[in-house]
Protein chains: 2
Amino acid sequence: MENQHIRKAGLKVTLPRVKVLEILQGDSSLHMTAEDVYKRLIENGEEIGLATVYRVLTQFEAAGLVEKHHFEGNVSVFELNRGAHHDHIVCTDCGRVEEFVDDVIEDRQRAIARERGFAIKGHSLIIFGECERPECPHRRES
Amino acid sequence: MENQHIRKAGLKVTLPRVKVLEILQGDSSLHMTAEDVYKRLIENGEEIGLATVYRVLTQFEAAGLVEKHHFEGNVSVFELNRGAHHDHIVCTDCGRVEEFVDDVIEDRQRAIARERGFAIKGHSLIIFGECERPECPHRRES
DNA sequence: ATGTATGCAAAACATTTGCACCTGG
DNA sequence: CCAGGTGCAAATGTTTTGCATACAT
C-alpha cells in the first residue's frame, strides 16, 4: 500500500492523491507533465481538477515522493522518486527519456563545487541526442 | 563592430538589435532574463518593447550569437555566446553564477551517449549550491 | 520602394491562488 | 465535527502573436 507513503508525508489519504500516485506508478515513460497526469486521470474517468494535480504534485515533491525536472521549454516534468539518484538522456526527436548514473561525473561535480567554495545542494544534468529506436522519427535507414 | 555579427546572421542592423547586443556584452553577471534586458534598456532611456526583446533574443539564439538556459523556475536566462562551451554552478541563495568546464565530465557524457545509442546533440549541466561570498545571504559567520 | 522589424495590446501557456463546498479521520 | 482538501474560476507570470506603422537597405 503506497498510501502509507502519503500518510507518512503528513498528508491525508484522499482520492486525488491516491489516483495521482497510481498514475505515476503506472507510467512507463517515467516522466509526465502535470497536464499529462491530468489527461490520464480524465481518461480514467476521474473527476479531478488540474489545479489539484498541481497541488498534489507540489506536495509530493516537498515530501520527496516525486522529483521535478526541467528538460526543455518552460514545462516541468515529474517522476516518481524510486530512491536512487540518476541523470537523464533525452531524445530530441521522439522525446524518449533514459536514466543513467555515472560515478565519475558525480565525483567531478563534487570536486568542482568544493574547488569553487560552493556547498553543493544538487545538480541537474541532461544529455540531449537522437536515439536509434525504430519508432524515432529521425531513425537513419538501415 | 559587432554589428557584423548581426548582419552575418542575416538580420538587419536595427537599433533594438544593436542595443540588446550591447546590454548583453556589458553584463557582468553574464546571465540575464528577457525582463532584465528590457529593464536595463528602459533605464538607458531606450524605447524598446518587451516583445521585441524576446524576438531579438530568440533570433540571436537561432543565429548562435546567444545561448539560452533554464537554471530554475520557469524563466529563461540568456548569455552571450563567447565561443567556448561551459557549464554552470549557481548559488541557490544569492543567485550568483560561475562557469566551468571539465573535460572528464565532457568525455563521460560522450561515452554515455555512445553506449546508449544516442547521437549526442548537447547537454545541460547545472550544479546548485551555496557559495561563500561575503554578500551571499547564507554566508556562515566567520 | 519594399520587405523587415517594431510597438502595442491581446492571446497563449504553464502555474498559482481565492473561496465556497466537500471529506477523511 | 472540522481542519484540511478539492473544484472551479479568476489571477499571475512568462513568452508569443496579430496588426498597423516605421525603418533599413
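Keep in mind the model is a prediction, meaning the values are calculated, not measured. Labels below follow one simple rule: chain letters A, B, ... track the order of the sequence lines, proteins then strands, and each chain is numbered from 1.
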Asker: Please give, in whole Å, the distance from D:dG5 C1' to A:Arg17 CZ?
Answerer: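 Nearest whole value for this atom pair: 6 Å.
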Asker: For A:Leu15, report the nucleic acid contact type (base, sugar-phosphate, nothing); a contact means any heavy atom under 4.0 Å.
Answerer: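 The answer is nothing, as A:Leu15 stays clear of every strand by at least 4.0 Å.
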Asker: I want to verify a distance call: between C:dC8, D:dG5, D:dA9, whose nearest atom is closest to the A:Leu11 side chain?
Answerer: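 Minimum distance to the A:Leu11 side chain belongs to D:dG5.
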Asker: Look at the side chain of A:Thr58 and decide which nucleotide, out of C:dG7, C:dG24, C:dT16, has an atom nearest to it.
Answerer: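 Output: C:dT16.
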Asker: Is the phosphate of C:dG24 approached by A:Arg7 (side-chain N or O, under 4.0 Å from OP1 or OP2)?
Answerer: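 Negative; the distance criterion is not met.
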Asker: Which of the following nucleotides, C:dG7, C:dA14, C:dG18, is nearest to the side chain of A:Arg55?
Answerer: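 Looking only at heavy atoms from C-beta outward on A:Arg55, the closest nucleotide is C:dG18.
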Asker: Using a 4.0 Å heavy-atom cut-off, does B:Glu47 contact any base of the nucleic acid, only the sugar-phosphate backbone, or nothing at all?
Answerer: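 Sugar-phosphate contact only.
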Asker: A:Ser76 side chain N/O closer than 4.0 Å to the phosphate oxygens (OP1, OP2) of C:dT15?
Answerer: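 Answer is yes, contact under 4.0 Å.
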Asker: Taking the nucleotide of DNA chain D with the nearest heavy atom to each, does B:Tyr54 or A:Val53 sit closer to the 5' end?
Answerer: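 Closest to the 5' end, via its nearest nucleotide, is A:Val53.
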Asker: At 4.0 Å (heavy atoms only), tell me whether B:Thr33 reaches a base, stays on the sugar-phosphate, or touches nothing.
Answerer: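 No contact.
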Asker: To the nearest angstrom, how far is B:Leu50 atom CG from C:dC8 atom C1'?
Answerer: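 Going from B:Leu50 (CG) to C:dC8 (C1'), I get 11 Å.
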Asker: Atom NZ of B:Lys39 to atom P of D:dT14: distance rounded to whole Å?
Answerer: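 These atoms are roughly 9 Å apart.
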Asker: Evaluate A:Arg82 against A:Glu99 for salt bridge (Lys or Arg N to Asp or Glu O under 4.0 Å), listing each step before the verdict.
Answerer: CA-CA 12 Å; A:Arg82 278 150 295 140; A:Glu99 307 181 339; 3.0 Å; yes
Asker: Between P on D:dT17 and CG on B:Leu57, what's the gap in Å once rounded to a whole number?
Answerer: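 Nearest whole value for this atom pair: 15 Å.
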Asker: Find which nucleotide of DNA chain D each of B:Val75 and A:Tyr38 is nearest to by heavy atoms, and output the residue with the more 5' nucleotide.
Answerer: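 Upstream on the strand: A:Tyr38.
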Asker: Given A:Thr33, which partner from the list A:Val53, A:Leu57, A:Val77 fulfils the side chain to side chain contact (heavy atoms under 4.5 Å, CB included) test?
Answerer: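 Single side chain to side chain contact (heavy atoms under 4.5 Å, CB included) partner of A:Thr33 among A:Val53, A:Leu57, A:Val77: A:Val77.
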Asker: How many whole angstroms separate atom NZ of B:Lys19 from atom P of C:dT6?
Answerer: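 Result: 14 Å.
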Asker: Would you please confirm or rule out a distance under 4.0 Å between OP1 or OP2 of D:dG5 and any side-chain N or O of A:Thr52?
Answerer: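 Answer is no, no contact under 4.0 Å.
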Asker: Between D:dC8 atom C1' and A:Leu41 atom CG, what is the distance in whole Å?
Answerer: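 So the two atoms are 16 Å apart, to the nearest Å.
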Asker: From the options B:Lys39, B:Glu79, B:Arg40, select the one residue that forms a side chain to side chain contact (heavy atoms under 4.5 Å, CB included) with B:Met32.
Answerer: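 The passing option is B:Arg40.
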Asker: Describe, in one word, how the ring planes of B:His31 and B:Phe71 are oriented to each other, choosing from parallel (under 30°), tilted (30 to 60°) and perpendicular (over 60°).
Answerer: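 Plane angle between 30° and 60°, so tilted.
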Asker: Would you say that more than 12 heavy atoms from the other residues, nucleotides or ligands in this model lie under 6.0 Å from the CD of A:Glu115, or not?
Answerer: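 Buried by this count: over 12 neighbours within 6.0 Å.
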Asker: Rounding to an integer number of Å, can you tell me how far A:Glu46 CD sits from D:dT6 C1'?
Answerer: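 Taking atom C1' of D:dT6 as the reference, CD of A:Glu46 is at 14 Å.
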Asker: B:Asn3 CG to D:dT25 C1': how many Å, rounded?
Answerer: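 Result: 15 Å.
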